[in-house]
S.K.: 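The following block contains the structure, expressed as structure tokens.
Chain A is the first sequence line, chain B the second, and so forth, proteins listed ahead of strands; every chain is numbered from 1.
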Amino acid sequence: MQDYTSNEIEEKWQRYWAKEQLYNVDTSVADSNKYYNLVMFPYPSGDRLHIGHWYNYGGTDIHGRFKRLQGHTVLQPMGFDSFGLPAENYAIKTGTPPAESTMNNIDHMRKQLKSIGAMWDWTHEVVTSSPEYYKWTQWVFSKLYENELCYKKKAPVNWCPSCQTVLANEQVQDGKCERCDSEVTKKDLAQWFFKITDYADQLLDHSELDWPQKTVLMQKNWIGKSKGCNVDWKVDGSDLTLSTFTTTVDTVYGVTFVVISPEHPELMNLVTDEHKDSVAEYVNEAKKKSDIDRTAEGKEKTGVNTGAFVVHPLTGKKVPLWVADYVLMNYGTGVVMGVPAHDQRDMDFANQYGFEIVQSIADTNGETFVYDDVDKYNVKGKIIDSDDFTGMDILEGRLAITKKLEEMNAGEGTIQYKLRDWLVSRQRYWGAPIPVVYDPEGKAHLVPEEYLPWELPTDVDYNPEGVSPLATSKELFERTEKIFGAGWTPEVDTMDTFVCSSWYYLRYPSATEESAPFNIEKTNNWSPVDMYIGGPEHACMHLLYARFINMALHDLGYVKYKEPFKRLVHQGLITKDGAKMSKSKGNVVSPDEFVERFGSDVFRMYLMFMGPYTEGGDWSDRGITGIVRFRDKVWKLLNEDSEGNAESEVKLHQTIKKVTTDMENFHFNTAIAALMEYVNFVSQNGISKDDKLKLIVMLAPLAPHFAEESWQEVLGQEGSVFNAEWPEFDAAKTVESNVQIVIQVNGKLRGSINVARDSEQAQVVDMASNEGNVVKYLEDAEILKTIYVPNKLVNFVVKA
RNA sequence: GCCGAGGUGGCGGAAUUGGUAGACGCGCGAGACUUAAAAUCUCGUUCACCUUGUGAGUGCGGGUUCGAUUCCCGCCCUCGGCACCA
């Protein structure tokens with residue numbers, strides 16, 4: 001027997017798999033056995049793959065190989081999410097065009113990815129920054145535009161007055177510009193939005209999805225649906241009416257003030273002359289503050305009087321109107337009614353500025369309470385001091401007040417969401433150009449499909465002053481005039497990279513080396529994604545955007561399935577000394593030396609053995625020798641002649657059962673433990689050649705190269721082990737003929753006996769009461785009760 | 001503050017329709033083999049004690065039960081997410 005030499009053997013089989021095109025899938029064929037196994041694609045950085053990549057892709061590959069062995073046709077593609085800021089920053093620093101540095105990084109990363117020895121189908125690779133790909137990102141934009149799911153409006157961006165440039169959120173550190181450290185301000189720019197809010201309710205429905213509960217909850221929370229009521233307030237001595245949104249209109253008789261947001265468009269039209277200066281100053285201050293500053297101040301509330309009053313629609317009383325920056329313009333109506341008696345935030349504000357506190361509801365004990373401490377949709381209690389509504393149950397009163405307001409035409413029941421429309425414009429270079437041009441009047445027009453891809457120009461200043469980089473491209477402006485006519489100008493913003501990644505899973509099936517067409521038939525052959533694996537950090541951005549785009553394309557008749565990702569699994573995070581690995585902390589562990597020393601199989605298996613896949617863990621190489629020993633033990637077992645026995649058959653069927661369910665549930669750690677137990681057992685008891693083959697198949701997803709070598713070279717099988725079948729277990733053969741019965745006295749373990757399975761109760765209890773150590777506890781005691789659990793335990797309840 | 005997940009030996013972690021806590025692995029100890037070492041193999045390894053056994057023990061304090069890591073009540077801590085959302 002030769003020693004197992006991992007490097008040489010792994011390289012050999014990687015070449016073999018590539019030569020046999022074992023993992024390539026013909027997506028033009030609809031296959032009822034198809035299994036689309038997808039992992040979130042990486043951003044191509046120039047760094048080496050780190051342990052996190054290996055963990056992520058290792059788990060994905062194990063699952064894909066397991067599904068293949070179970071008889072599925074598995075499509076497991078890989079690609080690159082290659083637009084984005086790092087390449088652009090690199091260009092600003094070095095002048096290297098992003099297209100060039102990105103392609104270098106991709107070549108580098110592709111090589112490393114291949115060394116994992118995973119079953120990627122490289123014939124379906126996608127690169128989001130290639131014109132063949134972004135042509136279709138632009139097509140998606142066009143379809144949304146044509147169907148009124150895309151619009152343009154002014155929205156604030158982070159603006160560095162010193163660099164004269166727009167900053168991404170990540171480029172703002174503590175309200176200051178990352179590069180020059182000057183104070184970042186807000187600037188309004190006209191920008192493109194996708195109407196994701198049209199899909200808020202559909203996105204809230206996760207009933208068809210096999211997703212982690214926590215992800216579903218996070219999305220629900222993010223969308224933030226609230227049922228409530230709008231209440232209209234006439235501004236005293238003016239034609240203006242302000243509307244407030246509330247989820248608890250039952251407290252409307254407790255309103256003692258109303259607060260308006262500094263960004264509210266009507267604000268300056270209703271301020272009294274006397275207060276104009278102080279309000280203008282306050283609004284200016286608020287504009288300067290970033291969102292972070294505004295919230296970072298914590299509990300301390302600020303506000304100023306507008307001098308105006310609004311009229312309570314039900315009591316006719318005048319209520320003071322103040323302006324305060326805790327009221328957000330982008331949620332609700334931008335105006336809030338203040339009920340200090342029953343809302344903590346309103347109470348804080350009232351205490352600070354001396355507003356009256358008027359109680360209007362009480363709990364079942366007649367005590368006052370604040371809504372922060374109770375579930376407002378399930379509250380119990382009565383309405384008090386509220387005209388005709390006094391004495392009603394709170395929930396009943398809430399409906400009655402809403403109805404009354406609706407009858408008076410002074411309000412209506414409504415629903416609010418926290419979810420906002422998706423801003424897709426980026427004032428950056430390295431992204432997909434927005435396929436829009438403007439006529440001489442400034443009206444927007446889509447670039448017709450025949451001109452797609454609407455190519456990203458290369459003659460640009462990567463770091464211009466005051467405008468988007470594309471605005472500096474002569475070629476782009478000339479191209480636009482040439483095609484559309486004199487005076488026409490191009491859109492100079494590019495798309496958020498989340499747009500590129502929101503549909504890439506639809507592209508893989510039709511992506512091939514030579515083809516540009518987006519073949520929707522191939523896509524529909526392989527939709528939806530059966531398994532999607534990636535980090536939990538994408539719960540509210542990428543995963544929500546992708547669902548939205550897929551739903552929209554479904555409604556427009558392109559995509560067959562409404563939901564893109566049937567099942568979702570998040571891999572856990574691998575940390576080092578408890579901290580997330582990052583270059584800046586200098587605690588990044590490279591997999592290379594371990595792969596070099598022990599091989600890709602051992603390294604992968606060790607990562608999976610660390611703990612449950614979805615939990616990750618702290619990296620330490622302390623136990624890796626255990627996996628090496630296990631591999632060598634199996635190697636030795638396979639290379640020796642032996643025969644099995646009846647007991648090893650039971651053990652085999654138990655192991656198949658355990659490993660199969662563990663694999664399905666991503667419990668790779670316990671699957672490996674079960675295989676170790678089995679190997680330990682058969683090393684003592686012997687194993688037949690048939691059982692060796694089954695063992696190899698079970699090991700194959702976890703150690704693909706090792707399994708292939710064993711299958712073909714040691715056991716002399718024809719063809720790849722990945723064309724073999726996953727072993728079946730026979731439930732009848734998983735049970736042992738003898739069982740151990742635990743004997744307890746008053747619930748304390750006092751002994752155990754070995755009996756035949758399904759023995760008579762009376763016989764087992766008799767044997768138990770005569771067991772050596774048990775006897776002394778029963779001697780001078782009265783047996784009150786005997787508990788018998790078949791094939792498990794006997795418990796004597798005694799009185800001493 | 002709110003929502004979610006978790007807390008088990010020296011270490012990574014097993015085991016929950018309530019039924020032997022600590023599977024599997026690392027580490028450690030003892031032994032075999034060896035001139036020796038490494039490798040390998042065998043045995044042991046929760047803690048304490050008066051060691052054929054007894055007691056305690058799954059973050060802390062209570063409860064239900066013949067029996068609780070598992071169920072209930074009240075706390076503490078760690079991690080992830082959201083956060084003036086009206």
Side-chain angles (χ1 to χ4, degrees), chain A residues 3 212-222 224-226 228 244-249 251 259 261 294-295 297-301 324-328 330-339 343-346 348-349 371-373 376 416-420 536-537 539-540 570 572-573 575 578 606 609-612 614-627 629-630 632-633 636 658 667 669-680 683 740-752 772-773 776 784-789 791-798:
Chain A
D3 282 353
Q213 258 291 298
K214 69 168 182 179
T215 310
V216 170
L217 275 165
M218 265 195 242
Q219 290 202 344
K220 290 201 158 142
N221 203 13
W222 185 264
K225 182 176 183 171
S226 297
T244 58
F245 173 73
T246 176
T247 51
T248 54
V249 76
T251 63
V259 192
S261 160
R294 246 160 96 162
T295 54
E297 279 172 27
K299 308 283 175 276
E300 191 70 8
K301 298 212 175 359
D325 66 4
Y326 77 76
V327 181
L328 310 171
N330 51 29
Y331 181 77
T333 60
V335 190
V336 174
M337 62 183 217
V339 186
D343 182 282
Q344 188 59 50
R345 190 196 47 204
D346 294 348
D348 295 344
F349 196 69
Y371 263 122
D372 297 38
D373 307 328
K376 56 189 166 197
Q416 283 292 337
Y417 299 89
K418 287 187 207 172
L419 184 70
R420 296 182 231 158
E537 68 274 16
C540 295
H570 297 304
L573 183 68
T575 55
Y606 176 60
F609 191 57
M610 277 171 47
T614 52
E615 311 222 330
D618 202 55
W619 169 259
S620 150
D621 59 10
R622 283 177 61 164
I624 199 161
T625 53
I627 301 293
R629 282 180 198 151
F630 172 58
D632 292 343
K633 204 166 180 177
K636 190 167 156 239
K658 171 87 178 138
H667 296 165
N669 56 332
T670 47
I672 295 168
L675 288 166
M676 285 173 166
E677 241 180 295
Y678 177 66
V679 168
N680 288 344
S683 295
Q740 199 180 38
I741 304 277
V742 169
I743 309 162
Q744 297 181 339
V745 177
N746 287 340
K748 284 202 191 302
L749 178 69
R750 296 302 176 194
S752 71
N773 192 44
K776 67 185 179 205
L784 302 172
K785 204 162 142 193
T786 303
I787 286 150
Y788 174 69
V789 181
N791 298 321
K792 266 200 180 136
L793 117 168
V794 175
N795 185 12
F796 297 104
V797 183
V798 303

S.K.: Would you classify A/Asp346 as touching base, sugar-phosphate or nothing, given that sugar-phosphate means primed atoms plus P, OP1 and OP2, and contacts are heavy atoms under 4.0 Å?
M.R.: nothing
S.K.: Spell out protein contact along nucleotides 8-29 of chain B as letters: B when the base is contacted, S when just the sugar-phosphate is, - when no protein heavy atom is under 4.0 Å; keep the 5' to 3' order.
M.R.: --B-BSS----BB--BBSSS--
S.K.: Quick one: the side chain of A/Lys301 and the base of B/C84, do they pair up donor-acceptor inside 3.5 Å?
M.R.: yes
S.K.: For A/Thr247 and A/Lys376, which I'm curious about, is there any donor-acceptor pair between the side chains at under 3.5 Å?
M.R.: yes
S.K.: Looking only at the aromatic ring of each residue, does the gap between the centers of A/Tyr417 and A/Trp222 stay below 6.0 angstrom?
M.R.: no
S.K.: Give the dot-bracket line for RNA chain B from 5' end to 3' end: parentheses for intra-strand Watson-Crick or G-U pairs under 3.5 Å, square brackets for crossings, | for inter-strand pairing, dots for unpaired.
M.R.: (((((((..(((......[....)))((((((.......))))))((((...))))..(((((..]....))))))))))))....
S.K.: What distance, rounded to whole Å, do you find between the two P atoms, one in B/A23 and one in B/A32?
M.R.: 27 Å
S.K.: Once you apply a heavy-atom cut-off of 4.0 Å, does A/Lys376 come out as touching a base, just sugar-phosphate, or nothing?
M.R.: sugar-phosphate
S.K.: Centres of the A/Phe630 and A/Phe609 rings: under 6.0 Å?
M.R.: no
S.K.: By nearest atom, which of the nucleotides B/G81, B/C85, B/U54 is closest to the A/Tyr331 side chain?
M.R.: B/C85
S.K.: State whether A/Ser226 places a side-chain N or O below 4.0 Å from either non-bridging phosphate oxygen (OP1 or OP2) of B/A86.
M.R.: yes
S.K.: May I ask you to say what A/Thr786 touches in the nucleic acid, namely base, sugar-phosphate or nothing, with a heavy-atom cut-off under 4.0 Å?
M.R.: nothing
